[in-house]
Amino acid sequence: MVARVPVTDADALRGLFAPIVGAEHVLTDRDTVAGYSVDWTGRFVGAAAAVVRPGTVDEVSRILAVCAREGIALVPQGGNTGLVGGSVPLDGEVVLSLRRMRSVRLVDAAGGRLVAEAGTTVGEVQRAAAGVGMSYGVDLASRDAATIGGTVATDAGGVRTVRYGRTRAQLLGCEVVLADGSVIDLTDRPERDEVGYDLSNLVCGSEGTLAVVTKVAVRLRRTFPYRVTVMVGLQELGDLAGFVATVRENVPPVEVVEVMSRQSVELVLRECDLASPFADLPRCLVLLEAADWSDPVDVLRALSSCPGVSEMAVATDGPRRRLLWQIRELHTEAIARVGVAHKWDVAVPLDHLADLLDEAEHLVAAHGAGARLWWFGHLAEGAVHLNVTGLPPEATELDERLADAVLRRGGTLCAEHGVGRAKVRWLRQARTVEEIRAWSLVKRALDPVRVLNPGVLIPAGGTEASA
């Protein structure tokens, strides 16, 4: 077994990494590393042995070679916007922060592609694309903190998945560093290159367990000149599936179909001091946005024919659109103001979504002890974020019941943000033994010393050993 440098030995770690990145980029002070050791929810809190901040792919390569030689566990980290403990050093690992690797290297409007370093935020990618009249298909509320490398690592979806698909659908290639320090650059390959295994797609969604993403090439699309944003009120959960079916059939240019509960919207309006779009809030609200080459005037006519629609608020100008979008995008901030949340990003077949939401509301109400449910999500994909406040971070009883409610309906517990550490114990209920064994074999082949993100997705001595 490779000898391990004691993770508490700050001097030893500085001695290993300072010659590579410079002493100023090896952080060991407890207060300084604290910000790298907790996730956005505040529920997952660790203690990094050190934070190493490379500025080039060569530095990443040399760091990983040292870690492989010395047996040092490493947690790759971008914007640290994860919600499932996947980018937090819960066992005292070294954090590899990619925030210094933050530049857009290429914007090719004619070829419809953009290349950026992994620490570039999604917002920076979007703005670079907009500068040449193009757009990037992945969009999420944390766009100015979440990094392009992190979204590749988790195969993030965001709010425009209904039209453009998840990150994997935008991905043209990655530059990655393997656990032994080897560098593979696939960002300049022709799109129709069909030779061998697709390593970029293998790394996409692997949550930093197979390689460190250092550069990404993504697909760009032309920006549509016409756009309309609508907030729709629905009176019953049972109307959700029919609403989506009608929208899919009659509103072909739709990009966004986001759903929010009345209670969650009330919280956002109160905590963020926003005006309500309706005099009386309906049972749930749907934010819909459509974009096209010509004015999508038929959108409103189509929406008015959807089952269960009680009210509509329409926006075509900037200020009104921003208000409607704030109601959706400030959910995470508003929830954080009332407490640390247990977060479940789940999806079920659309015809089971109403039943799931109804059961989730009843489970949380019956739990008592101050537990509150706030839900919102991506309606067209049957995906919702279930957020429960009022529970201690270590409480698991309600988590187990909500997980069972999702799995009984043929759903997934990982519709966004990945497995991380929070959901590892449910893997055997969500995936077959054969599938998990295949994952383990790939992990063992690419990371035999278990340098990269141990405990995430496939835990050491747990799922991998028993698979």
Side-chain angles (χ1 to χ4, degrees), residues 1-7 9 12-22 25-26 48-78 86-87 89 91-98 100-101 117-119 149-150 152-153 173-189 195-216 437-461 463-465 467:
M1 181 65 183
V2 178
R4 180 181 295 274
V5 173
V7 293
D9 192 339
L13 293 171
R14 281 195 296 269
L16 288 170
F17 298 123
I20 300 174
V21 299
H25 296 302
V26 183
V51 176
V52 185
R53 306 191 305 169
T56 67
V57 65
D58 178 66
E59 290 179 356
V60 175
S61 172
R62 294 167 63 192
I63 290 166
L64 282 172
V66 168
C67 290
R69 184 186 73 226
E70 304 292 343
I72 300 172
L74 200 68
V75 175
Q77 189 179 102
S87 60
D91 295 322
E93 299 91 346
V94 170
V95 169
L96 181 73
S97 173
L98 298 169
R100 290 179 62 214
M101 299 179 66
E117 290 184 303
V152 169
C174 294
E175 177 186 77
V176 300
V177 182
L178 302 182
D180 65 357
S182 302
V183 178
I184 301 175
D185 188 355
L186 303 173
T187 58
D188 60 352
R189 300 285 177 84
V195 177
Y197 302 118
D198 189 338
L199 295 180
S200 295
N201 268 297
L202 178 63
V203 170
C204 185
S206 66
E207 302 186 40
T209 62
L210 300 181
V212 176
V213 177
T214 51
K215 190 170 61 177
V216 178
R437 182 182 295 118
W439 294 356
S440 300
L441 292 172
V442 174
K443 169 70 172 175
R444 191 176 300 132
L446 294 181
D447 185 14
V449 188
R450 298 192 67 86
V451 167
L452 293 171
N453 236 1
V456 170
L457 196 59
I458 304 174
T463 306
E464 180 175 357

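A quick note: this is a predicted structure, and the numbers were derived from the prediction, not measured.
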Nearest heavy atoms of Ser200 and Cys174, plus distance in Å: OG-N, 3.0 Å
To the nearest 0.5 Å, how far apart are CD1 in Ile63 and CG in Asp58? 9.5 Å
About how many Å separate CZ of Arg53 and CD of Gln77, when rounded to the nearest 0.5 Å? 11.5 Å
Closest heavy-atom pair and its distance - Ala153, Gly208: CB-N, 4.2 Å
Does Glu59 use its side chain to pair, donor to acceptor, with the backbone of Gly55 at less than 3.5 Å? yes
Separation between CG (Leu96) and CD1 (Ile72), nearest 0.5 Å, reads 12.0 Å
From CA spacing to verdict: side chain to side chain contact (heavy atoms under 4.5 Å, CB included), Val57, Glu175: CA-CA 9 Å; Val57 65; Glu175 177 186 77; 3.5 Å; yes
Could you check whether any side-chain N or O of Thr187 sits under 3.5 Å from a backbone N or O of Gly173, counting only pairs where one atom can act as donor and the other as acceptor? no
Go through it in stages, so that I can follow the logic: the residues are Val212 and Leu98, the test is side chain to side chain contact (heavy atoms under 4.5 Å, CB included), and I'd like the CA-CA distance, side-chain angles, deciding distance and then a yes or no. CA-CA 9 Å; Val212 176; Leu98 298 169; 4.0 Å; yes
Answer yes or no: is there a side-chain heavy-atom contact under 4.5 Å between Pro54 and Phe17? no
Heavy-atom closest pair (Pro454 atom, Leu74 atom, distance to 0.1 Å) is CD-O, 4.2 Å
Among all residues two or more places apart in sequence or in another chain, which pass the salt bridge (charged side-chain N to carboxylate O under 4.0 Å, His left out) test with Asp180? none
From CG (Leu178) to CG (Leu452), nearest 0.5 Å: 8.5 Å
Minimum heavy-atom distance Val177-Ser61, with the two atoms named: CG1-CA, 3.8 Å
Stepwise, does the side chain to side chain contact (heavy atoms under 4.5 Å, CB included) test hold for Leu199 with Val176? CA-CA 9 Å; Leu199 295 180; Val176 300; 6.0 Å; no
In terms of heavy-atom contacts, Ala118 and Val213 come closest through CB-O, 3.1 Å
Closest heavy-atom pair, Arg69 versus Leu16, reported as atoms and distance to 0.1 Å, is NH2-CD2, 3.9 Å
Just to verify, what does Thr209 make a side chain to side chain contact (heavy atoms under 4.5 Å, CB included) with, not counting sequence neighbours? Ser206, Lys443, Asn453, Val456, Leu457
Measure the spacing between NZ of Lys215 and CG of Asp188 and express it to the nearest 0.5 Å. 7.0 Å
